[in-house]
2 protein chains.
Amino acid sequence: MKPATIRDVADLAKVSVASVSRVLTGAGVVAEPTRMKVLEAVEALSYVPHSGARSLSTNRTDTVGVILPDLFGEFFSELIRGMDLAARSAGLHLIVSSSHDDASDAAAAIRSMRGRVDGLIVLSPHLDAANLAANLAGRLPVLLMNGGMNEAGRPSIVVDNHGGARVAVEHLLSLGHRHIAHIGGPKGNLEARERQEGYVEAMRAAGGQPLIVDGDFTQASGHRAMQALLAEGVRPEAVFAGNDMMAVGALLAMQDAGVRVPDDVAVVGFDDVPIAALVRPALSTMRIEIAETGRRAVERLVTLIASTSDGGSESDIREVITPRLIVRASSVGDAAALSLAAPSTGDRS
Amino acid sequence: MKPATIRDVADLAKVSVASVSRVLTGAGVVAEPTRMKVLEAVEALSYVPHSGARSLSTNRTDTVGVILPDLFGEFFSELIRGMDLAARSAGLHLIVSSSHDDASDAAAAIRSMRGRVDGLIVLSPHLDAANLAANLAGRLPVLLMNGGMNEAGRPSIVVDNHGGARVAVEHLLSLGHRHIAHIGGPKGNLEARERQEGYVEAMRAAGGQPLIVDGDFTQASGHRAMQALLAEGVRPEAVFAGNDMMAVGALLAMQDAGVRVPDDVAVVGFDDVPIAALVRPALSTMRIEIAETGRRAVERLVTLIASTSDGGSESDIREVITPRLIVRASSVGDAAALSLAAPSTGDRS
DNA sequence: CTGTTAGCGCCTTCAC
DNA sequence: GTGAAGGCGCTAACAG
């Protein structure tokens, strides 16, 4: 009735549990006859090792945890896809935990990971970083991705949102636009703020007047923000959205209002989520290789875990991802020749 | 140096580990003074319970596993989002395992879940279902979502792909189209086959001639398939794609070729992934409440787990999801009034 | 090469 | 109300 244990196997095979363990883990040497007997018993009982028990002994779970604020939209799915890929090829399991609104919530999630994972990747714009991650996770290796460019000396991967935003705005400026509006992300979000600051700086540097409408990173909010602008009779020459989804929302709002993109208003987003290349006009954006970044995060966490158990120290603490400008039709009308970089994206069902 | 254990806490608080355990789990009764001492010690040592060890004792991991074939596209991310939501509200962790090409691969993944999860949700179109899931997972509760309408008497949630496809095709027929092409999903995929069969049947029933082009569920394949059709000089009146991503690909291919949708060719997809409402023309499709389905899957797994430990039996074995036709502009030109159902989708960064 | 014996960190009867 | 002791399933020395 109950699942077979290693002892059942040992009994049936007339050997000790140690031998069974040796056969199954590959550690140590076992005589061929013994090995056969064990394997037969395993087969007969359809025995499957209990990973939980194994973890308790070995002190390794072969699992990494990911703490996310949310799971909406393509950004996170792409990120997780990359992480899953890397985890898989490293023989690790991935445990995801999302929807952590406030810091204490995220903290609890981190806590509950103790004894469940070998390391953690934390994306938590709401979490004030290092402190929490450190105290709560015990001696658990943690890789931060919560967007703070000014983190403590803690392993992290951050996106240069500030610089990326400047590049985006400069692209629009170079197109001759001066009246450029910005649709900003959610208030508390650090990355949103950095992008907004980059926008403001670039505008100031060009002697332009910043014009900011609030959004919350969702497509719907971008749509609303754009509608609001148009309703007020404001007709900017260009719009720089805090992320792609809001840019898409703005795109649709303008379509509804009969405003032509990019002829009347040029649009640039941020992230380069798969959908950016699929809307029409295709969206110009600041590309973050999202899946690749996720892959990289796991990769770094793995070495972190290794170096932690080896007692070694980490070399490159902070890794900065520099977004790259992808010009598509939403900012340059005849960008057909330029936008060969539109990636093809898959789907399943 | 090493993380504190329950014993450290007990020592510091001058009580037994049993009392500490009682305080932390809430089980049993503890005198107030004792409880205080324990909590203080916990605080002082910043002790966090080791969930792995706890699991070994309680025989519960409070974790459910999800086996997926892939992680591409919005379908899976939506599904996972729904699952995460449900898991979270049930106090469960979610461990995802994807990219299992062949059956043996998926089997290994399932095996490795032993002792790590309390139950499993298996989506594996490649896996020949019940057998593997059953034998490999031991006495682990398993909820199947591998698309087999003809499963053994095993708890499952399936989509009525066959019926959904018929409805889609009948919608196109009702619009007066007779020459309807189908872009099919990947060969080995059961759901793709069911949809294709539904298409063929509906066509036959209407006295029409089926025309099938192969795809693989990716946007790129839909694009290629449509290009191929047009290149051959074939100009159907309508296209029913095996899923939304291929439909989007077809949409773009036609746009590139100067074919107008829906005036020249009407298009219907399947799934209603978020992007379906965002492309232009917005895509008519067969809606599966994807996230909701994921939520429901976890919900059922939870009751399954409960009933398994209670020794009770499951009532409704197979649950069928019936896709609903969503008419948007890609099939009916002036569908503006009809397509109020376009859901707004979020994104983060 | 193989068996015996401790734990891994925690929960949980069972006496006190 | 509290403590002592056994055990969850497995691995890892340590003897033989």
Side-chain angles (χ1 to χ4, degrees), chain A residues 1-39 41-42 45-62 111-118 138-140 309, chain B residues 2-38 41-42 45-62 111-118 138-140 309:
Chain A
M1 194 60 208
K2 306 204 64 169
T5 77
I6 197 174
R7 177 147 294 145
D8 298 327
V9 177
D11 290 350
L12 181 58
K14 310 282 191 198
V15 299
S16 72
V17 294
S19 292
V20 177
S21 177
R22 287 187 192 104
V23 172
L24 266 34
T25 60
V29 206
V30 188
E32 196 50 29
T34 310
R35 141 176 269 98
M36 294 307 273
K37 286 193 298 184
V38 170
L39 292 179
V42 165
L45 299 171
S46 40
Y47 166 74
V48 178
H50 188 289
S51 353
R54 176 174 292 179
S55 293
L56 195 54
S57 285
T58 59
N59 200 30
R60 293 182 307 99
T61 60
D62 292 324
R111 234 199 237 87
S112 75
M113 289 292 189
R114 158 95 208 272
R116 223 186 262 291
V117 301
D118 295 335
R139 266 271 137 295
L140 208 56
S309 57
Chain B
K2 306 204 62 169
T5 76
I6 196 175
R7 173 147 296 144
D8 298 329
V9 176
D11 290 351
L12 181 57
K14 309 280 191 200
V15 299
S16 72
V17 294
S19 292
V20 178
S21 176
R22 287 187 191 103
V23 173
L24 265 34
T25 61
V29 204
V30 188
E32 196 50 29
T34 309
R35 136 177 273 96
M36 294 307 274
K37 285 194 297 183
V38 169
V42 165
L45 299 172
S46 41
Y47 167 73
V48 177
H50 188 291
S51 349
R54 175 175 292 179
S55 293
L56 195 55
S57 293
T58 60
N59 200 31
R60 292 182 308 100
T61 60
D62 292 323
R111 235 200 236 86
S112 74
M113 290 292 188
R114 159 93 208 274
R116 223 185 260 292
V117 301
D118 295 335
R139 267 271 139 293
L140 209 55
S309 56

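Keep in mind it's a predicted model, so treat the numbers as computed, not measured.
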* Asked: Which distance, rounded to the nearest 0.5 Å, do you find between the CG of L56(B) and the OG1 of T61(B)?
  ->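 Between atom CG of L56(B) and atom OG1 of T61(B) there are 11.5 Å.
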
Give the rounded distance in Å between these two atoms: [atom1] of [X] and [atom2] of [N].
X	N	atom1	atom2	result
L45(A)	dC10(D)	CG	P	12 Å
R60(A)	dC8(C)	CZ	C1'	13 Å
K37(A)	dT2(C)	NZ	C1'	10 Å
R7(A)	dT11(D)	CZ	C1'	12 Å
I6(B)	dG7(C)	CD1	C1'	16 Å
K14(A)	dT4(C)	NZ	P	14 Å
K2(A)	dC8(D)	NZ	P	9 Å
N59(A)	dA12(D)	CG	C1'	13 Å

Go through [options] for me and flag the one nearest to the [X] side chain.
X	options	result
V17(B)	dA5(D), dC10(D), dC14(D)	dA5(D)
R22(B)	dC10(D), dG3(D), dC11(C)	dG3(D)
A53(B)	dG1(D), dC10(C), dG9(D)	dC10(C)
T34(B)	dT2(D), dC10(D), dT2(C)	dT2(D)
L56(B)	dC14(D), dG9(C), dC10(D)	dG9(C)
T58(B)	dT2(C), dT11(D), dT12(C)	dT12(C)

Please determine whether a side-chain nitrogen or oxygen atom of [X] lies at a distance below 4.0 Å from atom OP1 or OP2 of [N].
X	N	result
R54(A)	dG9(D)	no
S21(B)	dC11(C)	yes
S16(B)	dG3(D)	yes
S19(B)	dG1(D)	no

* Take A18(A) and A31(B), find for each the nucleotide of DNA chain D with the closest heavy atom, and name the residue whose nucleotide sits nearer the 5' end. =>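 Upstream on the strand: A31(B).
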
* Touch class at under 4.0 angstrom, heavy-atom based, for T25(A) against every strand present ->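 Sugar-phosphate only.
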
* To do: Using a 4.0 Å heavy-atom cut-off across all strands, classify V20(A) as base, sugar-phosphate, or nothing.
  => nothing

Which heavy atom of [X] sits nearest a heavy atom of [Y], and at what distance?
X	Y	value
Y47(A)	L24(A)	CE2-CD2, 3.3 Å
A41(B)	A13(B)	CB-CB, 3.8 Å
P49(B)	R54(B)	CB-NH2, 3.5 Å

* Asked: Is there a donor on the side chain of S57(B) or the base of dC11(C) sitting less than 3.5 Å from an acceptor on the other?
  -> no

* Determine yes or no for a side-chain-to-main-chain donor-acceptor pair under 3.5 angstrom, with R35(B) supplying the side chain and R22(B) the backbone. => no

* Asked: Where the side chain of S55(B) meets the backbone of R60(B), is there a donor-acceptor pair that is under 3.5 Å apart?
  -> yes

